[in-house]
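What follows is a set of notes on a single structure, which appears directly below.
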Amino acid sequence: MMRKNCLQVPAELLNALHKAKHVVVFTGAGVSAESGVSTFRDALTGLWARFDPLQLATPEAFLADPALVWGWYEWRRQLLLKAQPNPAHHAIVKLAQRVPKLTVITQNVDDLHERAGSADVLHLHGSIFNPRCFTCTQPYVLTHAPEMSHEHALAPPICSHCQGMIRPGVVWFGEALPQVALEAAFTAAENCDVLLSVGTSGVVQPAAQIPALALRSGAWVAHINPEAMPCRQSRELSLVGAAGQILPLLLQD
Ligand code: BJW
Ligand code: ZN
């Protein structure tokens, strides 16, 4: 008989999950890939294969061409509104029901974890749905925007308090991460028993330190990624495959 999925989850990881008091799930763009959301660094399909991050994802880029940057984020926001959570997001919610404590830390600016049912998600790189004033940080409530294409420039709205420009509520290169979320994420990583690092290339700092912090504190760390991830420690594992296929396998008894 053909087995549909040949991946065997290592018994030591399943044992560690069964015994765990606190599990951390640390996610990157790959967890949303099966929802049709582009990652950043995948060679052909990633956003940075088609767009230059220096022209779109820095404060300097926004000031140089606000309409280019705002239009690009509006295009992505509208794609995200149409996307749905996938089996990976749903498996994380089910796992949370089986362990005493589970913390979701995400680098993603989408809301697919929340829409699947995860609560108290720590968003290290902000949210595409929470724009604010570039000048005075006043939050801005988004209203309906025209249908966008990726080459559509669109002038950003103007702040009603200070007439400054409204910017996307995401963390760009060179900007500090939200301090409360980052501290909570580091504390969770240092105090968990198992950390699942799902769909991240692990190259963007300071978020990339999170799996290493968990390992240093004695936790098991499993990387879930279609690319084999380097493992340098005895408690570090690489489960090779798509998040939507692998995460449901971790729910077995
Ligand atoms: C699947 C899958 C499937 C596919 N299932 N998996 C030199 C050295 C070290 C650091 C620096 C340096 N030069 C500059 C820095 C700092 C910089 C940085 O780290 N740069 C590196 C790139 C070199 N970091 C910063 O600037 C940060 N801020 C900072 O350091 O501040 C300092 C400061 C302190 C105090 C005051 C002021 C400043 C900020 C980083 C912000 C990152 N922002 C972005 C854009 C967000 C907005 C937006 O969405 O547009 O965040 S960049 C982008 O990368 C986005 C992501 O969250 C982030 C991480 O990417 P992620 O999630 O890992 O995605 P990918 O595409 O890289 O990987 C996807 C993975 O999924 C792949 O492995 C696939 O194989 C896999 N996959 N299908 C499972 N089905
Ligand atoms: Zn303002």
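Order of listing sets the numbers, starting from 1, for every ligand and every atom in it. Computed from a predicted structure; not experimentally measured.
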Could you tell me whether a side-chain N or O of [X] sits under 3.5 Å from a main-chain N or O of [Y], the two making a donor and an acceptor?
{"X": "Ser32", "Y": "Ser35", "result": "no"}
{"X": "Arg98", "Y": "Leu251", "result": "yes"}
{"X": "Asn86", "Y": "Gly244", "result": "no"}
{"X": "Asn108", "Y": "Gly28", "result": "yes"}
{"X": "Arg235", "Y": "Gly218", "result": "yes"}
{"X": "Arg167", "Y": "Val69", "result": "no"}
{"X": "Gln55", "Y": "Asp52", "result": "no"}
{"X": "Asn225", "Y": "Ser201", "result": "no"}
{"X": "Glu183", "Y": "Val180", "result": "no"}

Heavy-atom nearest neighbour in the protein, as seen from [atom], with distance rounded to 0.1 Å:
{"atom": "atom 3 (C) of ligand 1", "result": "Gly30 O, 3.3 Å"}
{"atom": "atom 5 (N) of ligand 1", "result": "Ala243 N, 2.9 Å"}
{"atom": "atom 20 (N) of ligand 1", "result": "Phe173 CE2, 4.0 Å"}
{"atom": "atom 4 (C) of ligand 1", "result": "Asp42 OD2, 3.5 Å"}
{"atom": "atom 67 (O) of ligand 1", "result": "Ser201 OG, 2.5 Å"}

Counting heavy atoms only, which of [options] is nearest [atom]?
{"atom": "atom 72 (C) of ligand 1", "options": "Leu182, Thr39, Asn225", "result": "Asn225"}
{"atom": "atom 36 (C) of ligand 1", "options": "Ala176, Ser32, Gly126", "result": "Ala176"}
{"atom": "atom 54 (O) of ligand 1", "options": "Gln205, Arg41, His123", "result": "Arg41"}
{"atom": "atom 39 (C) of ligand 1", "options": "Gln107, Glu175, Met229", "result": "Glu175"}

Verify whether one side chain among [X] and [Y] offers a donor that lies under 3.5 Å from an acceptor in the other.
{"X": "Thr103", "Y": "His22", "result": "yes"}
{"X": "Glu114", "Y": "His89", "result": "no"}
{"X": "Thr106", "Y": "Thr27", "result": "yes"}
{"X": "His223", "Y": "Glu236", "result": "yes"}
{"X": "Thr45", "Y": "Asp42", "result": "no"}

* To do: Measure the shortest side-chain to side-chain distance between Asp111 and Val121 over non-hydrogen atoms and say whether it is less than 4.5 angstrom.
  => no
* If we only count heavy atoms from C-beta on, is the His161 to Cys136 side-chain gap below 4.5 Å? -> yes
Numbered atoms of ligand 1 (with element) below 4.0 Å of [X], judged on heavy atoms:
{"X": "Gly28", "value": "62 (O)"}
{"X": "Gly174", "value": "25 (C), 26 (O), 37 (C), 38 (C)"}
{"X": "Glu34", "value": "3 (C), 5 (N), 80 (N)"}
{"X": "Tyr73", "value": "47 (C), 48 (C), 50 (O)"}
{"X": "Glu227", "value": "75 (O)"}
{"X": "Val109", "value": "49 (O)"}
{"X": "Ala242", "value": "5 (N), 80 (N)"}
{"X": "Arg76", "value": "48 (C), 49 (O), 50 (O)"}

Regarding ligand 1, does [X] bring an N or O atom to under 3.5 Å of one of the ligand's N or O atoms?
{"X": "Ala29", "result": "yes"}
{"X": "Leu177", "result": "no"}
{"X": "Thr200", "result": "yes"}
{"X": "Ala33", "result": "no"}
{"X": "Val170", "result": "no"}
{"X": "Pro206", "result": "no"}

Is [atom] near the protein, in the sense that some protein heavy atom lies at less than 4.0 Å from it?
{"atom": "atom 48 (C) of ligand 1", "value": "yes"}
{"atom": "atom 74 (C) of ligand 1", "value": "yes"}
{"atom": "atom 59 (C) of ligand 1", "value": "yes"}
{"atom": "atom 8 (C) of ligand 1", "value": "no"}
{"atom": "atom 11 (C) of ligand 1", "value": "no"}

* Asked: Should we say atom CD of Glu227 is surrounded by more than 12 heavy atoms from elsewhere, each under 6.0 Å from it?
  -> no
* Asked: If you measure from SG on Cys133 to CE on Met165, what distance do you get to the nearest 0.5 Å?
  -> 9.0 Å
* Enter the distance from His125:NE2 to Asp110:CG here, rounded to the nearest 0.5 Å. => 13.0 Å
* Asked: For ligand 1, which part of Val203 has a heavy atom less than 4.0 Å away: the side chain, the backbone, both, or neither?
  -> backbone
* **Side chain, backbone, both or neither: His125 near ligand 1, heavy atoms under 4.0 Å** => side chain
* Distance below 2.8 Å from the Zn ion (ligand 2): protein N/O/S atoms -> Cys133 SG, Cys136 SG, Cys159 SG, Cys162 SG
* Shared hydrophobic cluster for Ile128 and Phe40 (ILVMFWY, side-chain gaps under 4.5 Å) -> yes
* Measuring from the heavy atoms of Pro226, does anything fall under 4.0 Å of ligand 1? -> yes
* Asked: Within less than 4.0 angstrom of ligand 1, does Ala57 place any heavy atom?
  -> no
* Return the orientation label for the Trp72 and Trp48 ring planes: parallel under 30°, perpendicular over 60°, tilted otherwise. => parallel
